[in-house]
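A short write-up of the structure that comes next.
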Number of protein chains: 2
Amino acid sequence: MEIQPLGMILGGLKGIFPRLMANRMSELGITYTFDQMVVLMIVRHSKQKQLVQQDIAEHMKKDKSLVLRIVDVLEKDGLIVRITDPNDRRRNIINITGKGVDLTDLFYAEEQLITKELMVGLTDEEIYTFYKVINHVKTRAEEF
Amino acid sequence: MEIQPLGMILGGLKGIFPRLMANRMSELGITYTFDQMVVLMIVRHSKQKQLVQQDIAEHMKKDKSLVLRIVDVLEKDGLIVRITDPNDRRRNIINITGKGVDLTDLFYAEEQLITKELMVGLTDEEIYTFYKVINHVKTRAEEF
DNA sequence: AACAATAGTTGACATTTACAACTGTTTATT
DNA sequence: AATAAACAGTTGTAAATGTCAACTATTGTT
């Protein structure tokens, strides 16, 4: 069976979710970009005791200068705090604030809602396979 | 079964493919961005007899001013031509050139290669279900 | 003829992409 | 101990993207 190129397929898909989320969030008066929320979610759910900007950049596979700018905005708005690591003053440890927790709770709830609506009509097995393929593709991509 | 929010999942995936393609293309001395190639592919494979910028913007769900800027670059580089519609001078009909065809052939070949490599280890049925879910999600998103 | 709608263009601003070059700090090497 | 290398973060920059408003030229409707 011929495989359709992923680029064109994902290209068609990639803007959909952030746009739906942006529409929903702006209705709630929240204007953070998708990547800003992604950073906040990473900080919120990180299992690392001491998450630093470099970790976030690696996680997102984005340039550290972009992560810095995003972290700057989130800190300015009181969603996270940056603390110099006493054991290594090169590093800034990033923690989420109560305000940040509230925002990520809201974002996550909206995200789940939209996801459920998009998935209506699919079986559990189809959804399971979908996520399996995505994880597989990610893993393969990291081996390149 | 609990559904993971698509945003975080796709957020992790979305940059992967364009980045792999960009790496591959730059090795070949080609520096067009992913979206520029997407526009070229749309022009190439469009079944419409007279494709205009507005059609491309709708297809990509992007602002027409962005499409204009991309079309400007592709035209400047001789990959497409823009012809005023004799029946409606508001419209510019966009056609691909021979040079554009060559580039899209190359892009498509590389895209298929990378897709195949990413899909190694998955069954035909898993891949089929993956595309089915993606098309389903796109269709649902358009109904919002 | 007047008005509404469409296609495209231009401008503006914020964000992202992607890289280089820099500073300060820590670790490794000599 | 002194120096070099590596690391984390910062700053700057140019190009591209995202997004919107306002505009011009043209076509469609009333």
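So you know, we letter chains A, B, ... as the sequences are listed, proteins then strands, and number each from 1. Nothing here was measured: the structure is a model prediction, and the numbers come from that model.
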Let me know the distance between CZ of A:Arg89 and C1' of C:dT23, rounded to the nearest Å.
14 Å
Of A:Lys64 and B:Ser65, the one whose nearest nucleotide on DNA chain C sits closer to the 5' end is B:Ser65
Quick check on contacts: within residues 67-76 of chain A, what sits under 4.0 Å from DNA chain D by heavy-atom distance?
A:Leu68, A:Arg69
Looking only at side-chain atoms of A:Asn92, point me to the closest of D:dG18, D:dG9, C:dT9.
D:dG9
Measuring from the side chain of A:Asp35 (C-beta onward, heavy atoms only), which nucleotide among C:dT26, C:dG8, C:dT16 has the closest atom?
C:dT16
Which residue lies toward the 5' end of DNA chain D, A:Arg82 or B:Asp85, if each is placed at its nearest nucleotide?
A:Arg82
Integer-rounded Å distance: C:dT17 P and A:Phe34 CZ
12 Å
Which whole-number value in Å describes the distance from A:Gln36 CD to C:dT15 P?
6 Å
Give the ring-plane orientation class for A:His45 versus A:Tyr108, where under 30° counts as parallel, over 60° as perpendicular and anything between as tilted.
tilted
For a quick check, tell me whether the side chain of B:Asp63 and the base of D:dC20 share a donor-acceptor pair closer than 3.5 Å.
yes
Please give, in whole Å, the distance from D:dT17 P to A:Arg19 CZ?
14 Å
Does B:Gln54 put a side-chain nitrogen or oxygen below 4.0 Å from OP1 or OP2 of C:dA7?
yes
Counting neighbours of NE2 on B:His136 that are heavy atoms of other residues, nucleotides or ligands and sit closer than 6.0 Å, is the number greater than 12?
yes
Side chain of A:Thr33 only, heavy atoms from C-beta on: which candidate in C:dT15, D:dT17, C:dA7 is closest?
C:dT15
Among A:Arg91, A:Lys49, A:Arg90, the one residue meeting salt bridge (charged side-chain N to carboxylate O under 4.0 Å, His left out) with A:Asp85
A:Arg91
Closest non-hydrogen atom pair, A:Lys64 against A:Ala57:
CA-CB, 3.9 Å
Looking at B:Asn23 and B:Leu20, would you say the former's side chain and the latter's main chain have a donor-acceptor pair under 3.5 Å?
no
Rounded to the Å, how far apart are B:Leu66 CG and D:dA21 P?
17 Å
Length of the line joining A:Lys62:NZ and D:dT17:P, which is rounded to integer Å
14 Å
Tell me yes or no: between the side chains of B:Ser65 and B:Asp63, is some donor less than 3.5 Å from an acceptor?
yes
Looking at B:Arg90 and C:dT6, is any side-chain donor or acceptor paired with a base atom of the opposite kind under 3.5 Å?
yes
What I want to check is whether the side chains of A:Arg82 and A:Gln53 have a donor and an acceptor closer together than 3.5 Å.
yes
Could you tell me how far apart B:Arg91 (CZ) and D:dT27 (C1') are, to the nearest whole angstrom?
11 Å
Separation of D:dA6 C1' from A:Asp88 CG (nearest whole Å):
12 Å
Closer to the 5' end of DNA chain C via nearest nucleotide, is it A:Asn87 or A:Lys61?
A:Lys61
